[in-house]
Asker: 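One structure follows; several queries about it will come next.
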Amino acid sequence: MPQFSLLPIVNGKVRLDMKCVACELSQNPDLRTNCMSGSGAENPTYLFVGHAPGAEDDRIGEPMTGRNGQLLQRLLRHAGIGITDCYFTNTLRCCPYGKNLKETHFKHCRDYLIKDIKQLNPTVIVSAGAKSMTWLTGSKGVSKLRRRGLPCCLPIGRDILVFPIRQPAGLFHVEGSEYDQLFDEMVSDLVWIKEQVECGIVHRAGDIETDYQTARTEDDIERFFAELEEKDCLACDLETGDINFEPRLFPGKDCKIISIGFSSGIGHARAIPLYARGLTSVLYWPDGFMEKVIYPRLTKLLKEKEIFGHNFVSFDQKWVRKELGIPYCNIKYDTMLGHYLLNEERGTHDLEFLAILYTTMSPWKASFTLSDTDKMCQYLCRDVDATFRLRTILEPQLNDLQRWLLDNILIPAGNVLMDVEYNGVNVSTENLHNLNHYLESEIKKETERLQKSKAVQEFQILNVKTFNPASPAHVRDVLQKHKGLRLQKKTDGGKYSVDVEVLEGLSDVPEAQAILRYRKLEKLKSTYCIGLIKSADENNKVHTTYKIHSTVTGRLASENPNLQNIPRKDTVGKVLEDGSIIKSVFASQPGYCLLQADYSQIELRVLACLANDERMIDIYKKGQDLHSQAAAAVFNIPVEQVTPEQRTGAKSVNFGIVYGMSLDKLIAKFSAAGNTEEAAKRFLYLHKNMFPGVWQYMEDQEQLIRVQRFQETPFGRRRRYQDITSAEIRQALNFPIQSTASDFTLLSISRCPQVLKELQLDARLVLTVHDSLIFEVRLDQFWQVAQAVKSVMEGWRFDWLTVPIVADMEAGKNWGKLKKVKFSDFSFST
DNA sequence: TCCTACGGCGCT
DNA sequence: AAAGCGCCGTAGGA
């Protein structure tokens with residue numbers, strides 16, 4: 001144990017006499033000078049915790065005296081926080097020379113910090129910088145967690161919130177406007193924290209009394225169901241898993257619902273274990289009891305009550321379908337989707353995280369284990385209780401538009417996507433295996449070719465290890481040290497980049513070209529061949545998971561595996577030179593074909609409407625090609641005379657606008673398409689004249705986020721902005737467009753299957769990729785299905801939608817070769 | 001054996 | 001530094 005004693009208060013400051021010998025730094029006087037306690041108010045509202053004492057503080061022996069301290073004091077003055085309300089300390093109590101601070105050092109200093117917090121009993125803790133935040137909360141990523149109160153993870157015997165701010169010393173590394181911006185940002189974070197303290201959000205009343213029960217007998221089951229059947233509205237949650245302890249992503253044959261929990265009010269929860277977890281997997285109930293009693297009554301609840309949960313739509317509902325055979329539950333709300341609409345920020349929708357943030361509940365998942373049935377059910381009770389409480393807190397915060405979005409887009413699309421995930425998509429694992437063999441032999445050839453290189457051999461002798469073309473460090477060494485090449489581009493981490501752009505520039509370096517080819521082959525093999533083979537189930541079906549809540553724009557994300565980034569063109573070797581081989585393993589079953597419906601230029605059409613640009617709207621209304629029209633107009637030539645270069649240039653500009661590209665980047669891009677810089681500038685000038693509405697709209701968006709700090713799309717999606725830098729401005733230019741376009745796809749996802757069912761057509765959605773839907777369709781009903789899908793996708797009407805939206809249709813036996821569907825002559829060939 | 005960060009790369 | 005994603009391998013640490 002470290003030794004310290006509390007000294008009397010001197011000049012209103014509590015000082016600790018630090019004679020610390022806890023770690024090896026104390027053994028060597030060359031390693032450090034002072035060991036420092038904190039300093040500040042006796043009963044502080046704010047306890048500031050930095051990383052380690054600054055060099056000047058170290059010399060003087062008191063925190064807040066050096067330039068770091070003065071800077072923090074200045075920030076506090078600007079934020080209106082009185083220094084007499086603060087106490088300042090650090091996670092590490094000394095500042096060893098060379099600043100070689102390691103996590104092991106904190107282990108010794110930890111007790112000082114705990115003692116500090118206990119004795120000073122501050123209202124809140126403010127952690128300055130990444131490291132102190134991690135040690136105080138266990139979480140990482142200051143920029144993500146700014147403006148949040150996180151529970152302190154140190155054992156101090158009570159709940160206390162930690163508010164992270166950035167490391168003030170970061171200001172010493174920036175200058176000019178960047179400094180001003182960062183300074184303002186830090187002040188506003190402090191002001192925010194002050195507001196939280198003043199409006200009392202930091203006071204955690206402690207948990208209210210709870211009534212959590214777990215069913216252990218058949219009588220309990222009867223009592224629970226009788227009680228739950230009285231209610232109208234239930235929060236529900238499942239614990240699922242492989243009863244043999246083998247983790248699996250999709251409900252396989254040994255994956256079961258381990259237990260199920262309900263809550264009908266705050267503090268109220270009932271858990272029903274279905275399988276006991278122990279050394280061997282055993283059924284919790286006597287033979288037949290589950291099927292005869294539990295399942296039917298569960299089914300009744302899930303079908304007849306108003307059910308809500310946390311990510312229930314896509315996760316729990318899939319398991320309910322598999323285990324209980326109920327196709328859809330009666331879902332009226334989802335706390336995760338609800339929160340997503342209120343705060344689109346990524347990675348903030350975890351149940352426990354939200355419960356800590358919005359309710360008085362304390363963390364409970366820390367020591368979670370599925371193997372102890374009792375414990376598992378207690379946690380399940382907390383889960384459903386948290387879900388119930390979150391609904392009462394979050395649902396009233398939704399505005400009318402967000403409520404509409406939830407009821408008409410998120411939940412319906414979620415139900416359909418659950419179905420899509422459950423059914424899966426057919427892949428030919430046989431073809432994948434064949435392709436894998438081919439790729440392996442090609443990779444071997446490429447590796448052998450590289451082995452013959454003199455530079456590679458030099459590398460191996462010098463480093464006494466085999467050259468690995470998959471290691472950027474090896475590649476960098478070979479090119480720089482052994483080929484003597486000068487690289488220019490840097491990575492984010494400050495190292496010389498050897499990415500595709502760099503290697504393509506080295507067209508006369510055979511090693512670079514071989515590595516490029518190696519990477520292409522390896523990517524195809526590892527991500528797509530092996531990845532898909534691993535994902536396929538015993539029926540050669542691949543079940544992805546679509547995440548509705550994971551993007552800031554409202555687009556879907558696809559994972560395990562990601563089916564939204566299947567290569568569309570493979571250009572390696574003879575076998576792969578035409579179209580996409582990987583895509584072609586996604587095939588329809590005999591008697592069926594795939595029908596792909598893509599929204600055509602949906603983002604630009606949305607832009608035309610949102611910007612209310614007369615000319616652009618006119619072009620789309622007339623069904624003309626926007627890029628050619630733009631090129632023709634600005635070059636002042638007839639459309640027919642527009643060269644491919646001119647059209648490409650115009651297209652780059654149009655897409656650049658959608659992505660919020662800066663003017664000089666636009667010019668560079670346009671020049672790269674084969675134009676002079678002069679022509680590029682003239683083009684932009686004329687483009688502005690042609691589409692003034694678009695350019696005005698972009699200016700307006702920037703103004704908008706500066707003033708109100710958020711945007712809202714016509715469908716009610718919002719994106720919030722904490723700071724306004726160039727990155728946020730680009731995001732603001734893109735967000736309404738990408739988001740609104742994406743919602744058309746989601747609307748169609750929810751509507752198409754419904755219409756196909758009404759028409760009794762044998763077709764089902766198997767995939768979706770941002771602006772396209774892919775159906776598997778029975779051949780003899782192809783034209784009816786194609787017509788139905790097209791009319792749904794193109795049939796959306798909103799008062800702000802002032803241009804037609806168009807779906808291009810393609811079809812084929814597999815995803816790799818699709819042919820355009822021509823409605824004019826009712827034909828397509830496979 | 002697990003974790004994380006990084007570099008790199010696939011898609012709309 | 002052109003928006004939005006997820007997954008692979010390496011490398012270092014636990």
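Values below: every heavy atom of this structure, side chains too, minus hydrogens, waters and symmetry copies.
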Asker: Does A:K525 put a side-chain nitrogen or oxygen below 4.0 Å from OP1 or OP2 of C:dC8?
Answerer: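 No, no such contact exists.
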
Asker: Looking at C:dG4, I'd like to know if its phosphate oxygens (OP1 or OP2) sit under 4.0 Å from a side-chain N or O belonging to A:Q731.
Answerer: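 A:Q731 to C:dG4 OP1/OP2: side-chain N or O found under 4.0 Å.
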
Asker: To the nearest Å, give me how far apart CG (A:D499) and C1' (B:dG8) are.
Answerer: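 Rounded to whole Å, this separation is 7 Å.
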
Asker: Round to a whole Å and report the spacing from CD of A:E728 to P of C:dA2.
Answerer: 15 Å

Asker: Counting only side-chain N and O atoms of A:T491, is one of them less than 4.0 Å from OP1 or OP2 of B:dG7?
Answerer: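 Checking B:dG7 against A:T491, a side-chain N or O does come within under 4.0 Å of OP1 or OP2.
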
Asker: Any side-chain N or O of A:T527 below 4.0 angstrom from OP1/OP2 of B:dC11?
Answerer: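 Answer no for this pair, as no side-chain N or O of A:T527 is under 4.0 Å from OP1 or OP2.
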
Asker: Base, sugar-phosphate, or nothing: which does A:S558 touch, judged by heavy atoms less than 4.0 Å apart?
Answerer: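 Sugar-phosphate only.
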
Asker: For A:K523, give me all partners under salt bridge (charged side-chain N to carboxylate O under 4.0 Å, His left out), at least two apart in sequence or on another chain.
Answerer: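 Counting only residues at least two positions away or on another chain, A:K523 forms no salt bridge (charged side-chain N to carboxylate O under 4.0 Å, His left out).
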
Asker: Flag the pair A:K547 and A:E559 as a salt bridge only when some basic side-chain nitrogen lies within less than 4.0 angstrom of an acidic carboxylate oxygen.
Answerer: yes

Asker: Would you mind reading off the distance between A:R555 atom CZ and B:dT12 atom P, rounded to a whole angstrom?
Answerer: 10 Å

Asker: Rounded to whole Å, how long is the line connecting atom CG of A:L556 with atom P of C:dG6?
Answerer: 11 Å

Asker: Apply side-chain contact (heavy atoms from CB on, under 4.5 Å) to A:N814 and A:F586, showing your working.
Answerer: CA-CA 6 Å; A:N814 67 57; A:F586 293 79; 6.0 Å; no

Asker: Any donor-acceptor pair under 3.5 Å between the side chain of A:R568 and the base of B:dT12?
Answerer: no

Asker: Please determine whether any donor N or O and acceptor N or O are separated by less than 3.5 Å between the side chain of A:N562 and the base of C:dG6.
Answerer: no

Asker: Using a 4.0 Å cut-off on heavy atoms, which residues in residues 515-524 of chain A reach DNA chain B? List them by number, or say none.
Answerer: A:R519, A:K520, A:K523

Asker: Under 4.0 Å, heavy atoms only, any strand: does A:S526 hit a base, just the sugar-phosphate, or nothing?
Answerer: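 Answer is sugar-phosphate: A:S526 comes under 4.0 Å of backbone atoms only.
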
Asker: Looking at DNA chain C, which of residues 464-476 of chain A put a heavy atom within less than 4.0 Å of it?
Answerer: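 When residues 464-476 of chain A is checked for heavy atoms under 4.0 Å from DNA chain C, the hits, listed by number, are A:N468, A:A470, A:S471, A:H474.
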
Asker: NZ of A:K665 versus C1' of C:dA1: gap in Å, rounded?
Answerer: 7 Å

Asker: For atom C1', what is the distance between C:dA2 and B:dA5, given to the nearest Å?
Answerer: 24 Å

Asker: Does C:dC5 have OP1 or OP2 sitting under 4.0 Å from an N or O in the side chain of A:R346?
Answerer: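 Checking A:R346 against C:dC5: at least one side-chain N or O falls below 4.0 Å of OP1 or OP2.
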
Asker: Rounded to the nearest angstrom, tell me the gap between atom CG in A:L563 and atom P in B:dT12.
Answerer: 13 Å

Asker: Touch check for A:N734, heavy atoms < 4.0 angstrom, all strands: base, sugar-phosphate only, or nothing?
Answerer: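 Sugar-phosphate only.
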
Asker: Any base atoms under 4.0 Å from A:Q738, or only sugar-phosphate, or nothing? Heavy atoms, all strands.
Answerer: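 Since a base atom lies under 4.0 Å of A:Q738, the category is base.
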
Asker: Decide whether a cation-pi geometry holds between A:K489 and A:Y496; the criteria are a distance under 6.0 Å from NZ or CZ to the six-membered ring centre and an angle within 45° of the ring axis.
Answerer: no

Asker: For A:G660, answer base if it contacts any base atom (sugar-phosphate contacts may also be present), sugar-phosphate if it contacts only those atoms, and nothing otherwise; contact means non-hydrogen atoms under 4.0 Å.
Answerer: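 Nothing: the residue A:G660, judged by heavy atoms under 4.0 Å, touches no strand.
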
Asker: Go through the steps for A:L626 and A:F691 under the test side-chain contact (heavy atoms from CB on, under 4.5 Å), then give the verdict.
Answerer: CA-CA 11 Å; A:L626 177 79; A:F691 302 113; 4.1 Å; yes

